[in-house]
Amino acid sequence: MERYNPQAIEQKWQKKWEQESVYKTEADPKRPKYYALEMFPYPSGNLHMGHVRNYSIGDVMARYKTMEGFNVLHPMGFDSFGMPAENAAIKHGVKPADWTLSNIANMERQQKSMGLSYDWDREVVTCKPEYYKWTQWLFELFYKRGLAYKKEASVNWCDTCGTVLANEQVIDGKCWRCDSNVHKKDLSQWFLKITDYADVLLKDLDKLPGWPERVKTMQRNWIGRSEGLEFSFDIPSMNDKVTVYTTRPDTAYGVTFLALAAEHPLVAKICETSDKKAEIEAFVQEVRNQSDIERTSSESEKKGINTGVTCVNPFNGKTVQIWVTNYVLADYGTGAVMGVPSGDQRDWMFAKKYDIPMILTIEPKDHHLDLATMTEAYTEKDGVLVNSAEFTGMEMHKAMAGIMDKAEKEGFGKRHVNYRLRDWLISRQRYWGAPIPVINCPHCGEVLVPEKDLPVMLPENVSFEQGSVSPLAQCEEFVHCKCPKCGADATRETDTMDTFICSSWYFLRYTDPRNAEAPFARDKVNYWAPVDQYIGGIEHAILHLLYSRFFTKVLHDAGLVGFDEPFHNLLTQGMVLKDGSKMSKSKGNVVSPEEIINKYGADTARLFILFAAPVDRDLEWSDQGVEGSYRFLGRVWRILSHFEEAIKVGKDSYDISALTEEEKGLRRILHVTIRKVTEDVRDRFMFNTAISSIMELVNAFYGFQDKAINDDLVREVAKNLLLLLAPFAPHITEELWSQLFAEGSVHQQHWPKYDEQALQQDEIEIVLQVNGKVRGKLSIDAGLDREAMQQAVLATPRAQELTAGKTIVKVIAVPKKLVNIVVKG
RNA sequence: GCGGAUGUGGUGGAAUUGGCAGACACGCUGGAUUUAGGAUCCAGUGCCGCAAGGCGUAUGGGUUCAAGCCCCUUCAUCCGCACCA
């Protein structure tokens with residue numbers, strides 16, 4: 001046999017697999033299915049190592065499950081709408097579609113060079129009309145179900161991207177994509193009512209044991225459910241009311257002021273009649289000029305202004321001042337907060353600064369507090385009420401319930417659940433996205449584009465000028481249309497949808513990708529979906545994974561799918577690092593997958609990336625490590641070449657009892673390896689240790705390189721070695737399989753099963769300990785029970801020597817492991 | 001500040017249920033082969049020590065015959081959330 005030449009064999013097999021449609025899949029209700037999915041990429045132009053890691057993990061699972069007999073769906077596609085294509089158009093004058101499609105072509109080529117087992121016939125590209133038609137159709141479904149609406153709101157605006165952003169896309173006050181500062185703007189925008197699903201999105205996280213705890217925690221925090229009381233203070237001078245929300249109704253008797261957000265509608269109303277109008281408005285302006293980061297930092301100084309207007313605490317009839325402040329959030333709760341300095345640290349600091357009185361209402365159970373000597377608010381969630389009328393003396397949790405009952409009974413308040421989660425802002429003032437299929441008619445108002453007219457196509461001839469308004473809004477032929485209801489002249493919605501909409505349902509489209517009548521057929525989606533194993537980066541813990549769950553639940557409620565969670569199991573892979581930090585152009589530490597594949601082949605690249613670290617941990621790239629993986633594949637090639645004759649003359653079925661002890665030892669290692677690799681891949685995603693155990697098998701095989709060995713055993717070892725390695729290194733195993741076994745593709749063989757008999761040993765080595773310290777190793781009969789083992793060990797010369805002149809206090813024997821002799825003296 | 005994760009040789013990492021710490025690999029050292037280099041094959045490689053032996057899984061303590069693993073303390077690094085009333 002020739003030398004291992006990855007470049008030659010990899011291309012050969014990739015071509016052959018494609019010609020013979022080896023990875024094509026069809027739904028087959030008679031067979032158990034397995035849906036393996038990697039997060040589809042944005043077509044930036046080139047694969048990076050993170051992609052290689054992602055796809056390598058997914059490909060191992062898909063190939064392994066196929067060999068286990070599952071009907072496997074393993075598709076790929078492109079999340080191809082978004083800003084970068086438009087930026088390329090602005091900068092270089094290329095059309096976003098051309099830029100995107102040529103990037104896709106290049107990335108597909110790179111993906112194909114990895115030898116991934118995708119069914120390319122199912123490819124989904126979100127920027128193609130055949131796909132975004134259904135994205136628009138789904139928008140209309142949401143609209144019809146009352147889950148899509150337009151409203152005027154204070155929204156996040158990114159100047160650089162020239163568009164609004166969803167809350168989830170603002171990271172530390174900055175744009176998730178371009179990292180520039182985000183500020184608030186009042187605009188009329190489209191939202192999806194994800195808040196209607198807040199509770200079920202939260203609750204159903206408990207139905208996902210196959211998700212990392214970390215991701216579930218992040219989603220729980222993001223949804224941010226809290227229970228409390230909403231109640232109203234009367235404003236006698238204005239004949240009005242102001243409603244507050246609190247999770248600490250037990251402190252309601254300690255209210256000494258009322259705090260409003262600068263944006264609260266009451267502020268403007270107060271200004272209408274107030275003689276402090278100018279002062280208040282100046283303060284409001286100052287607050288609104290602060291950046292989001294400043295405004296929401298707990299470190300910022302708490303400031304406010306007394307409006308001079310007062311309101312009445314319905315619990316105790318006390319009159320308190322209404323303040324406008326910079327620390328109350330306008331869009332959480334009611335935008336108004338009861339101020340209890342003794343029970344809340346923020347209120348404490350505010351009251352200290354402005355000399356607002358305090359009332360103590362909660363004390364610890366074991367001692368009294370004195371406002372005069374306190375240095376901070378008492379915020380423990382444990383204590384007894386004081387100064388609280390009929391609730392004085394009551395334990396705080398009991399009081400909390402009692403106080404809420406009182407508010408509800410007397411009709412000035414109601415128990416209320418609040419969420420941190422906001423509705424999803426989905427309109428974007430950009431061109432390269434799916435147009436929102438809505439027409440604005442002067443007579444009929446908002447009208448959906450009829451289904452027969454979908455998709456609303458993106459026009460091709462638009463101009464891109466940086467800093468201008470959305471190209472779509474400038475495109476006359478796009479904007480002007482007739483109202484589908486009354487036929488009058490009307491205008492189109494010129495905003496497009498957030499690309500996260502496109503990616504919230506793509507995994508369903510894969511099940512029926514060419515359907516022209518519907519987003520997917522019910523039988524197909526219900527056969528293949530939900531996804532059995534989803535694999536991707538942790539960066540989508542909230543964004544994509546929350547949105548996809550939301551979509552799935554809405555589609556479930558609409559009867560389109562028979563399940564209500566999209567991803568059964570989730571694996572969040574670690575990052576690929578170089579020199580301790582994430583690969584990036586600016587750091588100059590990028591390793592190009594294409595170069596690595598050209599130099600060593602895809603099998604080496606895949607093997608290294610799977611071997612170098614557990615899948616969920618960050619992986620440090622090592623050029624020397626890659627060499628090591630390449631060397632290992634060379635070793636596999638050489639040892640099988642060396643045994644070529646034996647493999648070919650060996651028989652598949654043979655008399656195992658004829659093997660020598662040494663040969664039995666090798667056979668035992670083989671079957672231990674089969675067990676280990678199976679369990680590591682199937683149960684634990686421990687690809688690194690699966691590969692290391694295959695390496696041990698190869699090392700053991702080398703031990704017979706210059707020795708006489710049974711041909712049948714050689715054949716058995718070689719065959720199973722290739723089967724075990726096939727999911728990790730698909731090309732080299734296919735090539736060796738075709739040369740040595742020639743029974744069709746190695747990837748269409750059955751996954752090997754280990755032989756329980758082969759694992760048995762007559763003699764085993766156990767450890768001898770004295771007082772817990774290792775003092776020797778002994779070989780004993782494997783069949784001995786605890787008692788017999790103890791006797792056998794104590795009788796050995798080594799044990800005698802170690803215990804001579806000492807009193808044996810106790811002997812602990814662990815079958816097949818060790819004997820520990822506890823001695824004294 | 002709150003929540004979560006992680007911490008093991010020179011390096012990446014292994015130890016699945018409390019039972020031989022360091023599998024496998026990188027690197028390094030030596031040997032074989034080779035005109036030479038490379039490649040390959042073999043052996044060695046936690047630290048201290050000539051050895052016997054001792055020490056050793058971030059820190060300090062505890063439980064246990066036995067602890068990387070369980071409990072408590074402290075520290076470090078990373079991630080998420082963060083004026084959410």
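Any value given below was found using the heavy atoms of this structure, including those in side chains, with hydrogens, waters and symmetry copies removed. A note on names: the letters A, B, ... follow the listed sequences, proteins ahead of strands, and every chain is numbered from 1.
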Can you tell me the distance, in whole Å, between the [atom1] atom of [X] and the [atom2] atom of [N]?
X: A/L421; N: B/C81; atom1: CG; atom2: C1'; value: 15 Å
X: A/D616; N: B/A5; atom1: CG; atom2: C1'; value: 11 Å
X: A/N221; N: B/G1; atom1: CG; atom2: C1'; value: 14 Å
X: A/K582; N: B/C79; atom1: NZ; atom2: C1'; value: 13 Å
X: A/Q345; N: B/C2; atom1: CD; atom2: P; value: 13 Å

Any strand: nucleotide that pairs with [N] via Watson-Crick or wobble, under 3.5 Å:
N: B/G18; value: none
N: B/C69; value: none
N: B/C75; value: B/G7
N: B/U35; value: none
N: B/A43; value: B/U29
N: B/C2; value: B/G80
N: B/A85; value: none
N: B/G49; value: none

For A/Q800, I'd like to know if atom CD has over 12 heavy atoms of other residues, nucleotides or ligands within 6.0 Å.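 Counting other residues, nucleotides and ligands, CD of A/Q800 exceeds 12 neighbours.
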Is the CZ atom of A/R668 crowded by more than 12 outside heavy atoms at less than 6.0 Å? yes
Nearest to the side chain of [X], heavy atoms from C-beta on, is which of [options]?
X: A/M686; options: B/A15, B/C81, B/A85; result: B/A15
X: A/M695; options: B/C20, B/C24, B/A85; result: B/C24
X: A/K817; options: B/A14, B/G19, B/G3; result: B/G19
X: A/N699; options: B/C42, B/A85, B/C24; result: B/C24
X: A/E696; options: B/G19, B/U16, B/C24; result: B/C24
X: A/V814; options: B/G19, B/C24, B/C41; result: B/G19
X: A/R631; options: B/G19, B/U40, B/A85; result: B/U40
X: A/R420; options: B/A23, B/C81, B/A85; result: B/C81
X: A/V774; options: B/C20, B/C65, B/C81; result: B/C20
X: A/D344; options: B/C83, B/A85, B/A23; result: B/A85

Over all strands shown, is [X] touching base, sugar-phosphate only, or nothing at heavy-atom distances under 4.0 angstrom?
X: A/E620; answer: nothing
X: A/G224; answer: nothing
X: A/D683; answer: nothing
X: A/K216; answer: nothing
X: A/V822; answer: sugar-phosphate
X: A/S226; answer: sugar-phosphate
X: A/R422; answer: base
X: A/R248; answer: sugar-phosphate
X: A/E627; answer: nothing
X: A/F611; answer: base
X: A/N820; answer: base
X: A/V244; answer: nothing

Inspect the contact between [Y] and [X] and indicate whether a charged nitrogen and a carboxylate oxygen are less than 4.0 angstrom apart.
X: A/E696; Y: A/K676; result: no
X: A/K817; Y: A/E765; result: no
X: A/E263; Y: A/R288; result: yes

5'-most contact on RNA chain B: A/P614 or A/G335, nearest heavy atom basis? A/P614
Closest to the 5' end of RNA chain B, once A/A612 and A/K773 are matched to their nearest nucleotides, is A/A612
Where the chi angle of B/G46 falls, syn if within 90° of 0 and anti if not: anti
Taking the six-membered ring for Trp and the single ring otherwise, decide whether the centroids of A/F704 and A/F643 are under 6.0 Å apart.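 No; A/F643 has its ring centre 6.0 Å or more from that of A/F704.
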Please confirm whether A/F611 and A/F687 have ring centers closer than 6.0 angstrom.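 No; A/F687 has its ring centre 6.0 Å or more from that of A/F611.
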Polar side-chain contact A/K810-B/C65 base: donor and acceptor under 3.5 Å: no
Taking the inter-plane angle between the rings of A/W323 and A/Y354 on a 0 to 90° scale, is it parallel (under 30°), tilted (30 to 60°) or perpendicular (over 60°)? tilted
